[in-house]
2 protein chains.
Amino acid sequence: MPKASPKKAYHHGDLRRAIIDAGEAELAERGLEGFSLRRVSARVGVSHTAPAHHFGDAAGLINALAERGFHRLLEAMVARQATAPRDAYEQLIASGLGYLAFAEQDPALFRLIFSLPKGPDPGAAVMAAADAAFLHLAGNVAALHGAEPMAHPGAYEEVMACWTRVHGFAELMLAGHLAPPCAGRAGAHEALFRKVFGAEFAAKVG
Amino acid sequence: MPKASPKKAYHHGDLRRAIIDAGEAELAERGLEGFSLRRVSARVGVSHTAPAHHFGDAAGLINALAERGFHRLLEAMVARQATAPRDAYEQLIASGLGYLAFAEQDPALFRLIFSLPKGPDPGAAVMAAADAAFLHLAGNVAALHGAEPMAHPGAYEEVMACWTRVHGFAELMLAGHLAPPCAGRAGAHEALFRKVFGAEFAAKVG
DNA sequence: ATGTTAATCTTGCCACTGGTAAGATATCGG
DNA sequence: CCGATATCTTACCAGTGGCAAGATTAACAT
């Protein structure tokens, strides 16, 4: 047993998890700019070089956070869908609103997962998590037709049409470019989002 | 005359401009992560504290770069429109393609202008530059109806519908999420963009 | 012209960052 | 029980931005 007691042990027991937790919290509190390996390490009560063995370098930790971030994004979508009517179009809209809720609730993490350097290897786990979110959205779009995902011609364009709209809305919202009519208050964006998303997909149900 | 000769003068003569130029270049070459005041200062041949007097701190320089960035974005839109048919819908599409071209050509600057901290004062000049770009887009949308900008009900929603689509496309493109059909090659995105943008605006002409 | 003021730039310093190297400590397999 | 290995610490390094104090030049009033 790896010493689950809260006392100071030389070996932490589950440091990788603890670092990711602390990193996520730090990210939410100070943003990506103020993110510091030393700070997250101190938060866990560990020296600043401890994470190196688990993540390689700082980019490795960022990657791990991105993986979690994509999972959080997916969670946010399904959570919102659970509160919506089971109608295919409403489910699609709900997933978009969940997407927006995640962006609003943790802007730094949201931006992090979409600004990973397209370097050599973004990490297979990260790509898998990203694909899971993408495929979920694709499934919602496909449900409009009642068919299997990607089964009809133009399916990819249709999915990207949805994704770009939701994502663009999220980014502009975070950048503070939705100001004039709807300011601040939570849920105020829903009406605008529905209009901006367009009605063409509502018509395609069935 | 403030000594326009290229020889070493204690006073640079036009340091503010030179720093912004160097900063823009550094940003394009090393990205926002690798951005360093000391590097841009060295590039101009000046000590690392020289910019402080012109921009305050690093955030001040970032703000100045953002202002230029919004101007570049506007330039890219009008440049693309100049090569397109004068039909209102084609002009709107062209402005979107210019938007995308700018994002593709200078990703770091593009991301910079849309990730300014919504802090106390983003700088009036930056906001003005951003508004100029926004109003240009709004003008293109209004031209679909032949009317003055924002003159009819639902105009704002319509403009935001366009903006979110273009912007979302740009962001997902930079994040590397347009992979499957269209990879890498320049201009390959145009066909996908036209489909994703939707046909509803083409129908509204007149 | 001449001296005073203000703007511009430099040098030297500080705390902080992430990465490396070498050593300390604990777990694990024989 | 002992050696091998994983985990973590301490000590150090180059690099970063900001501040303070001083050097140099321009702007300006008289």
Side-chain angles (χ1 to χ4, degrees), chain A residues 1-23 25-27 29-66 108 112 116-117 119-120, chain B residues 1-23 25-27 29-66 108 112 116-117 119-120:
Chain A
M1 180 154 57
K3 180 81 160 170
S5 146
K7 289 286 141 242
K8 274 286 275 303
Y10 196 96
H11 289 58
H12 182 281
D14 196 4
L15 185 65
R16 183 183 164 88
R17 165 81 59 135
I19 291 281
I20 294 179
D21 289 343
E26 276 285 319
L27 193 65
E29 293 172 15
R30 323 254 308 183
L32 183 55
E33 299 313 311
F35 191 80
S36 155
L37 270 184
R38 294 179 111 103
R39 289 188 66 87
V40 305
S41 299
R43 194 174 184 123
V44 181
V46 103
S47 82
H48 82 279
T49 50
H53 193 268
H54 293 277
F55 303 100
D57 57 356
L61 174 54
I62 297 297
N63 253 320
L65 288 174
L112 173 60
L116 294 175
Chain B
M1 179 155 56
K3 179 80 160 173
S5 145
K7 287 286 140 244
K8 275 287 272 307
Y10 196 95
H11 291 60
H12 183 279
D14 195 3
L15 185 64
R16 184 182 163 89
R17 164 81 58 138
I19 291 281
I20 294 180
D21 289 343
E26 276 287 318
L27 192 66
E29 292 172 15
R30 323 251 311 182
L32 184 55
E33 299 315 310
F35 191 81
S36 155
L37 270 184
R38 293 179 111 103
R39 291 187 64 87
V40 308
S41 299
R43 193 172 183 126
V44 181
V46 103
S47 83
H48 81 280
T49 50
H53 193 269
H54 293 276
F55 303 99
D57 58 354
L61 175 53
I62 297 296
N63 252 319
L65 289 174
L112 172 61
L116 295 176

**OP:** Side chain of B/A50 only, please: which of D/dT10, D/dG18, C/dC9 is the nearest?
**Re:** C/dC9
**OP:** Check the distance between C/dG19's C1' and A/L37's CG and give it to me in whole angstrom.
**Re:** 10 Å
**OP:** Please tell me which of the listed nucleotides, D/dC8, D/dG17, D/dC19, lies nearest to the side chain of A/L15?
**Re:** D/dC8
All N/O donor-acceptor pairs, side-chain side in residues 44-52 of chain A, below 3.5 Å, sequence neighbours left out:
{"residue": "A/S47", "atom": "OG", "partner": "A/T49", "partner atom": "OG1", "Å": "3.3"}

Subject >> Full working for side-chain contact (heavy atoms from CB on, under 4.5 Å) between B/F35 and B/L112 >> reply: CA-CA 11 Å; B/F35 191 81; B/L112 172 61; over 6 Å; no
Subject >> Euclidean distance, atom CZ of residue B/R39 to atom P of D/dG17 [Å, nearest integer] >> reply: 10 Å
Subject >> B/R38 side chain, from C-beta outward: closest of C/dT20, D/dG17, C/dC9 >> reply: D/dG17
Original post:
Does A/H53 have a side-chain nitrogen or oxygen under 4.0 Å from the phosphate oxygens OP1 or OP2 of D/dC8?
Top reply: no
Original post:
Among D/dT9, D/dC19, C/dG18, which is the nearest nucleotide to the side chain of B/T49?
Top reply: D/dC19
Original post:
Rounded to whole angstroms, how far apart are CZ on A/F35 and C1' on C/dT17?
Top reply: 12 Å
Original post:
What is the distance, rounded to the nearest whole Å, between atom CZ of B/F55 and atom P of C/dT8?
Top reply: 12 Å
**OP:** Specify the separation, in whole Å, of atom CG of A/L61 and atom C1' of C/dG19.
**Re:** 15 Å
Original post:
Would you say A/S36 reaches C/dG18's phosphate, i.e. side-chain N/O to OP1/OP2 under 4.0 Å?
Top reply: yes
Original post:
Can you check the A/D57 CG to D/dG15 C1' distance for me, whole Å?
Top reply: 16 Å
Original post:
Between B/E29 and B/R39, does at least one N-O distance fall below 4.0 Å, as a salt bridge requires?
Top reply: no
**OP:** Would you indicate what B/R16 reaches in the nucleic acid, counting non-hydrogen atoms under 4.0 angstrom: base, sugar-phosphate, or nothing?
**Re:** nothing
Original post:
Any side-chain N or O of B/H54 under 4.0 Å from OP1/OP2 of C/dC9?
Top reply: yes
Original post:
Atom CG of A/D14 and atom C1' of D/dA6: how far apart are they, to the nearest Å?
Top reply: 15 Å
**OP:** Would you check, one step at a time, whether the test side-chain contact (heavy atoms from CB on, under 4.5 Å) holds for B/H54 with B/I19?
**Re:** CA-CA 9 Å; B/H54 293 276; B/I19 291 281; 5.9 Å; no
Original post:
Donor-acceptor pair under 3.5 Å: do we get one between A/H48's side chain and the base of C/dG19?
Top reply: yes
Subject >> Pairwise 5' ranking along DNA chain C for B/S47 and A/A58, keeping only the more 5' one >> reply: B/S47
Subject >> Spacing between A/E33 atom CD and D/dT16 atom C1', to the nearest angstrom >> reply: 14 Å
**OP:** Return the minimal non-hydrogen interatomic distance between A/L65 and A/G23, and the atom names on each side.
**Re:** CD2-C, 4.0 Å
